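Structure first, commentary second.
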Amino acid sequence: MLLNGKDLSPWYTWLTDTRHVDPRQVFKVQPDGVLRISGDGFGGLITRNEYANYHLVMEYRWGVETWLTRKDRARDSGLLLHCQGPDGNFGGSKDKPGPWMTSIECQIIEG
């Protein structure tokens with residue numbers, strides 16, 4: 001199981017402003033074993049290994065805050081599947097990597 005309820009060891013983080021470091025703990029396993037993603041930054045939590053033939057189950061709950069460019073807009077999130085290429089290869093430019101990777105997205109938006 002990738003989310004073991006203890007830590008993020010099977011994963012690494014990618015944030016546009018801090019790259020592979022997560023000083024604000026945007027991605028954190030809470031004491032109850034639930035993964036909390038604050039939304040305070042654009043990026044993702046990426047598996048260290050590749051997977052196939054898997055069964056994905058996701059439960060989602062909105063937080064109370066919105067951040068950055070979405071501060072006064074509907075809350076927006078998503079799950080990127082089958083990501084390919086280097087970290088930040090989508091949504092940016094040659095000089096400034098983006099927050100995501102080329103992938104299939106299951107998007108969740110409020111309303």
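Throughout, residue positions are numbered sequentially from 1 according to the sequence presented. Since the structure is predicted, the reported quantities are computational estimates derived from the model, not experimental observations.
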Judged by atom type as modelled, is there a donor-acceptor pair below 3.5 Å linking the side chain of [X] to the main-chain atoms of [Y]?
X      : Y      : result
Glu110 : Ala74  : no
Asp22  : Phe27  : yes
Arg48  : Ser9   : yes
Thr66  : Lys71  : yes
Trp14  : Met101 : no
Ser38  : Asp40  : yes
Asp7   : Val29  : no

Quick check for you: to the nearest 0.5 Å, what is the distance between [X] atom [atom1] and [Y] atom [atom2]?
X      : Y      : atom1 : atom2 : answer
His82  : Glu50  : NE2   : CD    : 11.0 Å
Ile109 : Arg70  : CD1   : CZ    : 4.5 Å
Leu8   : Gln25  : CG    : CD    : 9.5 Å
Ser77  : Ile37  : OG    : CD1   : 6.5 Å
Asp76  : Ile108 : CG    : CD1   : 9.0 Å

Carboxylate-amine/guanidinium contact Asp17 Lys96, below 4.0 Å: no
Mind checking whether [X] and [Y] sit in one hydrophobic cluster, side chains of I, L, V, M, F, W, Y counted as touching below 4.5 Å?
X     : Y     : value
Met58 : Leu3  : yes
Tyr60 : Leu56 : yes
Leu79 : Tyr54 : yes

Might you confirm whether atom [atom1] of [X] has over 12 heavy atoms from other residues, nucleotides or ligands at distances under 6.0 Å?
X      : atom1 : value
Gln30  : CD    : yes
Glu105 : CD    : yes
Tyr12  : OH    : yes

Taking all non-hydrogen atoms of both residues into account, name the closest pair between [X] and [Y] and its distance.
X     : Y     : result
Gly91 : Pro99 : O-CD, 3.8 Å
Arg24 : Thr18 : NH1-CG2, 4.2 Å
Ile46 : Asp87 : CD1-OD1, 3.6 Å
Trp11 : Leu2  : NE1-O, 3.1 Å

Working for side-chain contact (heavy atoms from CB on, under 4.5 Å), residues Leu15 and Val21: CA-CA 8 Å; Leu15 294 164; Val21 180; over 6 Å; no
